[in-house]
Amino acid sequence: MSQVRLRFSPAPTGFLHIGSVRTALYNWLYARHVGGTFILRIEDTDVARSTQESVDQIQQVLRWLGLDWDEGPYLQSARFDEYLAAARHMVEEGRAYECYCTEAEVRERNEQAMREGRPPGYDGRCRDLTPDDRAARAAEGRAPSIRFRTPDDGRSSFTDAIRGEVAVEWSTISDFVIVRSNGTPVFFLANAVDDLDMEITHVLRGEDLIDSTHRVLALRRALGHDDQPVYAHMPLIVGPGGAKLSKRHGAVSVEEYRDAGYLPAALLNYLALLGWGPDDGREILSSEELVTEFELDRVNTSPATFDPKKLEWMNGEYIRAMPLPELVSAVLPFARDRYRERLDIPRFEAAVRLAQVRSTTLVQIADQMAFLFTSDDEMEIDPASWEKASKVENAADIVDAVMAFVENCEWTDEIDPRPAIEAVGAKPGKVMHILYTAIEGRSLGLPLFDSISLLGRESTLERLRAARARL
RNA sequence: GCCCCGUUCGUCUAGCGGCCCAGGACGCCAGGUUCUCAUCCUGGUAACACGGGUUCAAAUCCCGUACGGGGUGCCA
């Protein structure tokens, strides 16, 4: 059996979309599942829109996610000669031809056709130009593009590993450009040539490319190859309502999730479940488990809606399952960024432990401990929390009693002021919000007893005094 | 317009002719545990787009309709 080879081939024209990452993931999963080769290929044939920043970013994101590739990155921009040679070969064999229509003319004709209710598409007027015709047009200053001559009749079909047979009449596909008039190759050509040269055996990509497959396959045949790789088109990831996933629905770039405190493993796990699932219904799967479980024929056929809520839940599951030291180092960059030199490591580690079970993102963990790294006089009290908490009966008595208690108690890992509260005749459960608010700034947050202990006697008293003064 | 692909709870999905008056997960709602919040536990809510076939039997197969998405580019 021949070696399985897959490629992830993004266009470097911006940040890596969440849908592209899912494509990369499935390619990687399949490659690892069957012990094949995973190749990174940058499809930067559109020189005007491709950027080096984007090329760098793609690699950075894949590394962060742990999607390691075995070959590449290959840049198509470095292989233009190959594509142009293939195009010339096709022209010589009459499989393609020079077209002297300008981009503007073609566009104008298509718009005209639409207005008149005719189907758009190149009309083939340059198909059979004589050498004299060509010379005349070139003399007008027209630079030719190269168009592939598609069959006039018959059908094109291929077997999709996910969908089965996909067929279309050739009459509905007009001659398409494979080399631009500026001399640069177009996606279809580069794609066909590279898949051949790189001996790609499986092409796993988004459903939006399903129609282009017929063209790429025709190009392969024109290049003398009747064999075809296994194609599998996966459903797209869409936003709420089935619309295209966009900024309006939350983050669409991986960097945004990374910066919001999502774990790569959780993101991968969630994305893997968008369009595929193991037969036993498990939801939480490590990358290793995903690799062993992944099967191409279990990939779904219908689009999946991206659900930020479920991603968040899953991230929380990963955070809770993490060994503390690992979590501490994961949160550290976020905490450093927020608290700078104020950050105290032992205190930080203790706070992470307390926050672990009550957070769904690393950012949430870092944020919850803010009161520990804020000076007493800079403490901000959440107005809504204060409003509610300060309304309790005997608020002043309670705070006074707790201050007296804190002042004299033995200092342990958990300072429990409930006896003091009960002593003034109040029910701890009902009135403790005022203590949370005074000490942590909000009525909800890290457990109070631990928080008081971490904060220390002096700061705790200072904050209680400030609260007492506000009553 | 034409072509292609798709359609199971709000969402992700299981189901590949009988085990399904449809199972799991997220969300939501209710209750329990708890120093707040959260975790955790228990229970509840809610779906086979529609219409025809085929078959003893259909969520599962076929056809049509509707709806959604994609393509129709000198973008990928």
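Just the heavy atoms: all of them, side chains too, but no hydrogens, waters or symmetry mates, feed the values below. The structure displayed is predicted, hence computed values, not measured ones. Labels below follow one simple rule: chain letters A, B, ... track the order of the sequence lines, proteins then strands, and each chain is numbered from 1.
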Once you apply a heavy-atom cut-off of 4.0 Å, does [X] come out as touching a base, just sugar-phosphate, or nothing?
X        : result
A:Glu43  : sugar-phosphate
A:Thr102 : base
A:Asp297 : nothing
A:Cys99  : nothing
A:Pro303 : sugar-phosphate
A:Arg320 : sugar-phosphate
A:Gly429 : nothing
A:Leu209 : base
A:Ala355 : nothing

When the nearest nucleotide of RNA chain B is assigned to A:Ser181 and to A:Lys309 on a heavy-atom basis, which residue is associated with the more 5' position?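 Of the two residues, A:Lys309 wins.
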Which residue lies more 5' along RNA chain B, comparing A:Ser302 with A:Met432 via nearest heavy atoms: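 Upstream on the strand: A:Ser302.
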Is [X] salt-bridged to [Y], going by a charged N under 4.0 Å from an acidic O?
X        : Y        : value
A:Arg353 : A:Glu349 : no
A:Asp195 : A:Arg41  : yes
A:Arg142 : A:Glu105 : yes

Which nucleotide in the list [options] gets nearest to the side chain of [X]?
X        : options             : result
A:Arg298 : B:C74, B:U11, B:G15 : B:G15
A:Leu236 : B:U72, B:G70, B:C40 : B:G70
A:Pro447 : B:C35, B:C37, B:C74 : B:C35
A:Thr301 : B:G6, B:C35, B:C12  : B:G6
A:Glu207 : B:C5, B:U36, B:C4   : B:C5
A:Trp313 : B:C12, B:C35, B:C26 : B:C26
A:Thr172 : B:G15, B:G1, B:C3   : B:C3
A:Glu283 : B:A25, B:G1, B:C3   : B:A25
A:Val357 : B:G6, B:A38, B:A76  : B:A38
A:Val186 : B:C74, B:G27, B:G6  : B:C74

Compute the centroid of each ring, for A:Trp28 and then for A:Phe8, and state whether the two points are separated by less than 6.0 Å.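 So the answer is no for these two rings.
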Can you confirm if the aromatic rings of A:Phe294 and A:Tyr26 lie within a centre distance of less than 6.0 Å?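 Ring centres of A:Phe294 and A:Tyr26 closer than 6.0 Å.
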Both distances under 3.5 Å, Watson-Crick or G-U wobble: report the partner of [N], or none.
N     : value
B:G1  : B:U72
B:U55 : none
B:C9  : none
B:C50 : B:G64
B:C29 : B:G43

Does a side-chain N or O from [X] land closer than 4.0 Å to OP1 or OP2 of [N], or not?
X        : N     : answer
A:Arg180 : B:A76 : yes
A:Asn300 : B:U13 : yes
A:Arg418 : B:U36 : no
A:Arg147 : B:C74 : yes
A:Arg358 : B:C37 : no

Let me have the donor-acceptor pairs involving side chains of residues 228-241 of chain A, under 3.5 Å, with sequence neighbours excluded, atom names and distances please.
unit_1: A:His233; atom_1: ND1; unit_2: A:Asp160; atom_2: OD2; d: 2.7
unit_1: A:His233; atom_1: NE2; unit_2: A:Arg205; atom_2: NH1; d: 3.2
unit_1: A:His233; atom_1: NE2; unit_2: A:Thr213; atom_2: OG1; d: 3.1

Under the criterion salt bridge (charged side-chain N to carboxylate O under 4.0 Å, His left out), which of A:Arg215, A:Arg127, A:Arg147 is the partner of A:Asp175?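 Result: among A:Arg215, A:Arg127, A:Arg147, A:Arg127 is the only option passing the salt bridge (charged side-chain N to carboxylate O under 4.0 Å, His left out) with A:Asp175.
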Distance-only donor-acceptor check, side chains A:Ser302 and A:Asn300, under 3.5 Å: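 A:Ser302 vs A:Asn300: no donor-acceptor pair found between side chains.
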Would you call A:Phe449 stacked on B:C35, i.e. ring centres under 5.5 Å apart with the planes less than 30° off parallel?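 Stacking between A:Phe449 and B:C35: present.
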Would the base of [N] count as contacting [X] through its side chain, where contact means a donor and an acceptor less than 3.5 Å apart?
X        : N     : answer
A:Tyr436 : B:C37 : no
A:Asp211 : B:G70 : yes
A:Asp450 : B:C35 : yes

